[in-house]
Q: 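This is the structure I have questions about; it appears just below.
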Amino acid sequence: MKKYLTVLAVICFLLLLKTPVLAAEDYPHFDARTSFTVQDEDGNETIFMGDEQSVGTYSVDHWSNSKKGIQENEYMTDPDYQSLGVKHVLLNLVLNFCVSYQNGQYILTEDAQISQYRTLVSQLNSQGITVTMVLLLRWDDRSSMQQLIYPGARQPGHSYYALNAEDNVGRSAWLSIFNRLMQIFGPSGSYVKNWVLSNEVNQYGPTAYNYTGSSDLNTNASAYANAFILLDQAIARYNPSAGAYISMDHNWTATDTGHAGKSFLDAFIGFMNSRSPGAGWNVAWHPYAPSLRSSSEIAYQDKVIWNSPGITHSLNTRYVCGSNIEVLTNYIKNNWGSSHRVILSEQGYDATGGEDLQSAFIAYTYYAAQYNDMIDAVMFRAYIDNPAEEGLKLGLLSGSINELYGAGNRSGYIQSHKRQAYDVFKYMDTDYAYNYTSSCLNTIGAPSWNSLISSYTGPSSNDVIFEDVNTNDWYWEDVKYSYQNGLMLGMDADTFGGGVMVSRAQFAVIIYRMMGSPSVSYNSAFSDIASGQWYTNAVLWCYNNGIVKGYGDSGIYGPANPITREDVAVILRRYAQYRQADVSKSASLAYFADVEDAHAYASEALSWAVAEGIITGKENGRILAPISYTTRAECAALITRVDKLLN
């Protein structure tokens with residue numbers, strides 16, 4: 001896709017007005033490209049196939065039915081690319097490079113390009129990846145190739161051209177080329193399942209991607225239908241398990257970039273039904289936000305797929321994006337049946353507008369597609385930024401593919417250039433998804449994915465999943481409760497660290513969270529509690545309210561020191577007192593074999609904690625372990641019991 005910048009006068013006019021009016025240039029598209037290539041030792045371009053020796057060093061379990069995908073194979077530069085869980089890949093094939101005219105016939109030249117694509121597709125297939133291929137035609141100075149361009153479009157200077165299916169020369173040539181493509185990339189070879197003819201064909205004008213030279217709706221729809229029928233015939237003959245797709249942008253009733261998508265789809269289907277009844281058409285939709293740009297002159301509502309007046313759930317919505325994709329799928333299902341499938345073959349968000357917005361866009365669009373029974377794939381635009389895309393930052397990584405490929409330490413480069421969207425993309429189709437996507441809900445302002453997508457059945461806040469916590473662990477329910485109630489978080493998004501010791505600073509933070517993190521002014525109560533630390537407010541609030549006291553009269557709190565079980569009991573009893581709970585209960589500690597290890601100052605608190613069932617003892621309940629350090633698993637259990645007691 002490609003949209004050229006508007007003329008300077010128009011830009012200046014819009015900047016002066018500072019209006020959020022969405023003009024066509026606010027939705028820039030960019031050239032579909034061939035797969036990422038590198039040079040071999042002889043300087044010849046070759047498609048990058050990935051670092052096989054590096055694959056599999058990191059294992060992530062992705063849903064077997066995931067529809068997640070990406071455009072191009074640039075992600076294979078990632079040493080651990082298989083851990084990204086890509087299930088669909090879209091490749092662009094520019095036909096000019098592999099079509100020749102020999103002895104009065106047009107043939108598909110099975111030279112280096114087709115050979116490399118066959119190898120790449122085979123490799124992707126072997127990894128369980130479904131391949132989608134977009135067929136594109138550029139201008140060609142060869143007169144023979146110009147005969148394959150739609151007659152009204154035979155002039156240079158445009159992005160991509162409509163195919164000539166208007167005369168016998170064009171029809172015969174394209175049918176022969178399509179037939180051979182289906183034989184090469186059919187079920188018995190390197191299998192391409194989805195074939196997309198041209199790009200965003202509802203657009204017209206100088207920068208159109210299926211240029212016909214005309215702005216007339218019927219002219220464009222008719223020319224496209226004639227070419228589409230030839231592709232469908234080749235698929236039916238040689239690759240019947242595959243499908244042919246019409247590519248369209250996000251405009252539904254809007255005409256920002258040409259014809260309204262709904263009008264073009266209706267006209268296209270009308271021509272298909274009259275000329276080739278029963279043809280197997282499908283739709284490749286591009287559900288971008290109303291504006292792809294993230295400049296300050298564009299209203300927030302036009303940058304996102306939520307809170308946008310142009311995106312509704314009614315049939316007359318201006319745009320169909322991830323948040324209202326059911327408008328498109330219901331329209332197709334209700335009018336022509338569910339056998340006509342949908343893929344979301346291109347979408348992305350400019351991270352210039354905020355990495356949080358980019359991540360929320362990706363997660364929202366993915367879940368809308370994953371839980372829609374009419375959609376088979378959702379392929380995001382970019383693994384890494386492409387400098388040629390008019391400054392748009394659409395990648396999961398910042399930087400450029402040339403930088404990444406040339407990096408001596410590729411893993412280090414990736415780690416330092418990750419955007420928030422990288423891990424959201426990586427984990428959003430795993431059982432750990434909520435740990436990574438809950439922040440996306442905060443960005444959107446929604447309580448749950450179910451509130452946005454009624455068919456959503458994925459992980460939620462009720463599913464606390466950490467890689468190192470299993471349902472048969474004794475502390476599972478305590479971890480679940482403390483996490484759900486915001487009392488304890490993981491050490492990171494997928495690790496709880498049950499055996500890790502809790503520091504005195506961390507425990508103060510937990511108490512502080514239990515009180516809702518109230519505001520507090522800094523004071524120098526402790527010499528080792530500096531202003532502005534992650535634990536400062538928590539320690540000072542607890543001190544100001546008599547819940548912690550530090551080490552005697554030393555003026556030292558010891559934030560980094562591990563906290564003992566008896567100190568936890570003391571602090572929890574003071575916390576209960578602050579909450580005006582009855583702390584008069586007591587139990588004899590004589591039952592515990594190591595009771596003499598407890599310090600006198602902690603005896604009353606330990607007796608109360610045992611009486612209330614907060615501390616139950618270790619090793620069949622006989623060991624109190626008062627001076628042992630408290631682990632995160634133990635902490636989760638203790639604070640869960642106290643929180644339930646007080647609430």
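Residue indices begin at 1 and follow the sequence shown.
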Q: Name the one of Leu124, Val131, Thr130, Asn239 that satisfies side-chain contact (heavy atoms from CB on, under 4.5 Å) with Tyr191?
A: Asn239
Q: Is the distance between the ring centroids of Tyr483 and Phe466 under 6.0 Å?
A: yes
Q: What are the two closest heavy atoms between Ile362 and Ala421, and how far apart are they?
A: CD1-CB, 3.7 Å
Q: Quick check for you: to the nearest 0.5 Å, what is the distance between Leu95 atom CG and Ile177 atom CD1?
A: 7.0 Å
Q: Would you check if the distance from the ring center of Trp306 to the ring center of Phe361 is below 6.0 Å?
A: no
Q: If you measure from CG on Asp423 to OG1 on Thr437, what distance do you get to the nearest 0.5 Å?
A: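 One finds 12.0 Å between CG of Asp423 and OG1 of Thr437.
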Q: Going by salt bridge (charged side-chain N to carboxylate O under 4.0 Å, His left out), name the pairs with one or both residues in residues 216-228, residues two or more places apart or in two chains.
A: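 For residues 216-228: none.
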Q: Testing Arg381, Glu200, Gln347, His250 for side chain to side chain donor-acceptor pair (under 3.5 Å) with His286, which one passes?
A: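 Option passing the side chain to side chain donor-acceptor pair (under 3.5 Å) with His286: Glu200.
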Q: Fit a plane to each ring of Trp252 and Tyr331, take the angle between them on a 0 to 90° scale, and name the class: parallel (under 30°), tilted (30 to 60°) or perpendicular (over 60°).
A: perpendicular
Q: I would like to know whether Trp285 and Tyr245 meet ring-ring contact (aromatic ring centres under 6.0 Å, His included); could you show each step before the answer?
A: CA-CA 9 Å; Trp285 194 260; Tyr245 289 77; over 10 Å; no
Q: With side-chain contact (heavy atoms from CB on, under 4.5 Å) as the test, pick out the partner of Ser222 among Asn226, Asn218, Thr219, Asn220.
A: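 The option that passes is Asn226.
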Q: Looking at Arg419 and Asp385, is any side-chain nitrogen of the basic one under 4.0 Å from a carboxylate oxygen of the acidic one?
A: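 A salt bridge is present here (some side-chain N lies under 4.0 Å from a carboxylate O).
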Q: Tell me which pairs pass side-chain hydrogen bond (donor to acceptor under 3.5 Å, both in side chains) where either residue lies in residues 358-377, with sequence neighbours left out.
A: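 Qualifying pairs, neighbours excluded: Ser66-Tyr366, Thr329-Asn372, Lys333-Asp373, Arg341-Asp376, Tyr366-Gln370.
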Q: Hey, are Arg293 and Asp350 close enough for a salt bridge, meaning a charged N less than 4.0 Å from a carboxylate O?
A: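 No, this pair does not count.
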Q: Please list all pairs passing the salt bridge (charged side-chain N to carboxylate O under 4.0 Å, His left out) test where one or both residues lie in residues 267-276, with sequence neighbours left out.
A: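 Counting only pairs at least two positions apart or across chains, no salt bridge (charged side-chain N to carboxylate O under 4.0 Å, His left out) contact touches residues 267-276.
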Q: Quick check on side-chain contact (heavy atoms from CB on, under 4.5 Å): which of Phe271, Trp195, Phe268 does Phe228 satisfy it with?
A: Phe268
Q: Please walk me through it: do Tyr160 and Arg138 pass side-chain hydrogen bond (donor to acceptor under 3.5 Å, both in side chains)?
A: CA-CA 5 Å; Tyr160 293 98; Arg138 289 177 177 165; 3.2 Å; yes
Q: Salt bridge check, Arg318 against Asp256: does any charged N sit closer than 4.0 Å to a carboxylate O?
A: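 A salt bridge links Asp256 with Arg318.
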Q: Could you go step by step and tell me if Asp492 and Thr495 meet the side-chain hydrogen bond (donor to acceptor under 3.5 Å, both in side chains) rule?
A: CA-CA 5 Å; Asp492 55 42; Thr495 304; 3.1 Å; yes
